[in-house]
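It should be emphasised that the depicted structure is a prediction, and the values quoted were computed from it without experimental measurement. Throughout, protein chains are lettered first and strands after them, A, B, ... in sequence-line order, and every chain is numbered starting at 1.
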Number of protein chains: 2
Amino acid sequence: MKYNKDTSEKILDSAIDIFQEKGFNGTRMQAIADKAKINKSLLHYYFKSKDKLFQIIIEKAVKLFIPRVLKVINVEGDIFQMIRDFVSAYIDMLRKNPHIPSFIINEINNNPERLLKLIKSSGFNVDFVKVKIQEDIDKGIIRDISPEHLLLNTLSLCIFPLVAKPMVVGIILNGEEDKFEKLLDERKKVVANFIIDSIKI
Amino acid sequence: MKYNKDTSEKILDSAIDIFQEKGFNGTRMQAIADKAKINKSLLHYYFKSKDKLFQIIIEKAVKLFIPRVLKVINVEGDIFQMIRDFVSAYIDMLRKNPHIPSFIINEINNNPERLLKLIKSSGFNVDFVKVKIQEDIDKGIIRDISPEHLLLNTLSLCIFPLVAKPMVVGIILNGEEDKFEKLLDERKKVVANFIIDSIKI
DNA sequence: GTTAAGTTTGACTATTTGGTTAACTTTACA
DNA sequence: TGTAAAGTTAACCAAATAGTCAAACTTAAC
């Protein structure tokens with residue numbers, strides 16, 4: 001027998017929650033152990049050190065996320081429908097993992113190389129989207145706009161509100177927290193329309 | 001004599017840099033002292049504790065930032081010009097303080113109340129912008145869109161690329177870091193046009 | 001049942017780090 | 001110029017926390 005799958009799963013589940021919520025420096029090994037209801041020594045038995053555990057958590061988060069993102073991009077059909085589908089699916093995905101965006105933002109600012117290496121090694125690439133955009137510009141389906149900017153705009157509109165949730169609630173929604181979920185729901189349509197209205201001819 | 005202005009300035013200057021870069025938990029008092037080239041005890045002599053120092057840093061950052069933001073919003077004239085001016089000035093402002101956006105994002109996710117209280121107590125409020133947007137919708141100058149969403153879209157498009165810089169470089173610019181500054185420059189026009197194209201009638 | 005390998009535990013250690021203290025130096029000014 | 005207050009320093013302290021270890025326990029194989 002080599003390693004108890006159950007225990008290491010419990011550790012990973014707890015660790016991902018706490019790292020995502022508190023960041024690397026804010027996370028206590030004891031807190032992970034408590035949440036997993038195991039002895040703290042087991043963390044080291046299974047994962048050697050805090051750094052190693054964190055590394056594995058990041059890797060899992062990225063590898064879980066990237067295929068999902070790619071899956072909701074469908075460049076085969078109508079670009080307007082592609083935008084609607086992507087925005088809707090992406091916002092839904094982010095809502096289900098509300099801590100992931102700020103976790104990644106945080107991590108990427110602390111250690112850009114590590115995360116970038118990971119992303120690249122996972123074969124993630126958006127060139128096919130850029131190509132699709134450029135094709136539709138050439139065909140006269142959408143107005144002339146840099147594919148890079150259009151892509152970045154789309155991601156910004158989807159991701160930022162979740163990353164900045166407390167600020168959105170505090171400043172834009174005047175503290176009415178309960179309106180946030182409604183706002184996100186609306187955004188699935190609003191954002192798609194906002195983009196489409198901007199690029200259609 | 002009551003307190004050496006020079007020393008406390010040096011401390012604040014160093015502290016703001018390090019807190020912004022590393023966050024509260026990632027910051028070491030010793031690191032602040034080293035950067036300021038003073039003895040660590042002086043931090044406590046002048047600011048009592050890490051928490052107090054942090055509080056003051058946030059307060060300074062917020063009080064410096066908010067008036068600048070408000071200053072570049074001019075609701076008196078043409079809404080399209082208002083958008084152009086705001087986007088351009090805001091992106092420039094963020095570029096000059098590249099750590100501020102991710103610092104705020106992090107901070108507000110770790111301890112929402114603290115930062116929000118400060119922002120609110122400073123009298124920051126965006127209702128006047130919402131009113132202006134609604135007026136121009138009613139006048140038929142721009143299409144019907146929720147003021148909250150338009151505001152949030154604008155902020156998302158300006159702030160997100162800076163918060164996620166390493167990801168933008170890695171994924172959208174295929175690792176060509178030197179293109180990032182050019183991208184930001186372009187964005188001053190691209191984002192304004194993107195918004196205007198979307199809301200004009 | 002015995003054994004050996006894998007797993008779990010609590011007590012312990014080393015280090016990091018925010019904070020204190022007391023001695024020293026400089027400055028203001030009577 | 002004497003002295004008291006302000007400013008500065010190094011040495012130290014206590015708490016927090018990552019990491020270690022040996023003993024105890026569990027499981028599976030024979």
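Contact check for B:Tyr46 versus B:Ile56: no side-chain heavy atoms found under the 4.5 Å cut-off. Contact annotation: the side chain of A:Phe124 never approaches that of A:Pro67 to less than 4.5 Å [non-hydrogen atoms, C-beta and beyond].
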Next item on the list: Treat primed atoms plus P, OP1 and OP2 as sugar-phosphate and everything else as base, then score nucleotides 10-15 of chain D 5' to 3': B for base contact with protein heavy atoms under 4.0 Å, S for sugar-phosphate contact only, - for none.
Entry: BB----

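By the 4.0 Å N-to-carboxylate-O rule, B:Asp92 lies too far from B:Lys96 to be salt-bridged with it.
Residues A:Ala192 and A:Val87 come closest through the heavy atom pair N-CG1, 4.2 Å.
For the segment residues 20-32 of chain A, the set of residues with a heavy atom within less than 4.0 Å of an atom of DNA chain C is empty.
Rounded to an integer number of Å, the gap from OH of A:Tyr45 to P of C:dA5 is 12 Å. Look at CG on A:Leu42: it is 14 Å from C1' on D:dC21, rounded to the nearest Å. At whole-Å resolution of the value, CG in B:Asp34 and P in C:dG18 are 12 Å apart. Rounded to a whole Å, the NZ atom of A:Lys48 is 13 Å from the C1' atom of D:dC21. Taking atom NZ of residue B:Lys37 and atom C1' of nucleotide D:dT9, one finds them 18 Å apart after rounding to whole Å. Rounded to whole angstrom, the span from the CZ atom of A:Phe47 across to the P atom of C:dT8 amounts to 12 Å. If you measure from atom CG of A:Leu43 to atom C1' of D:dT17, you get 13 Å, rounded to the nearest angstrom. Rounded to an integer number of Å, the gap from B:His44 NE2 to C:dT17 P is 13 Å.
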Next item on the list: Any chance you could encode DNA chain C as dot-bracket? Rule is Watson-Crick or G-U wobble with both distances under 3.5 Å; [ ] for pairs crossing earlier ones, | for another strand.
Entry: ||||||||||||||||||||||||||||||

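A distance-only check finds a donor-acceptor pair linking the side chain of A:Ser14 to the backbone of A:Lys10 [under 3.5 Å]. A donor-acceptor pair under 3.5 Å is formed between the side chain of B:Lys130 and the backbone N or O of A:Ile172.
In this structure, a donor-acceptor pair under 3.5 Å is absent between the side chains of B:Asp51 and B:Ser49. Side-chain contact annotation: A:Asn193 with B:Arg143, donor-acceptor N/O pair under 3.5 Å absent.
Identified under the ring pair (Phe, Tyr, Trp, His ring centres under 6.0 Å) test for residues 77-98 of chain B, with sequence neighbours left out: B:Phe86-B:Tyr90. Listed by first and then second residue, the side chain to side chain donor-acceptor pair (under 3.5 Å) pairs that reach into residues 67-88 of chain B are B:Gln81-B:Arg84, B:Gln81-B:Asp85, sequence neighbours excluded.
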Review item, side-chain donor-acceptor pairs of residues 23-33 of chain A, under 3.5 Å, at least two apart:
from    : atom 1 : to      : atom 2 : distance (Å)
A:Thr27 : OG1    : A:Ile18 : O      : 3.4
A:Thr27 : OG1    : A:Gly23 : O      : 2.7
A:Arg28 : NH2    : A:Asn25 : O      : 2.5
A:Gln30 : NE2    : A:Asp34 : OD1    : 3.0

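Distances from the side chain of A:Lys50 to the nucleotides C:dT9, D:dG19, C:dG19 place D:dG19 closest.
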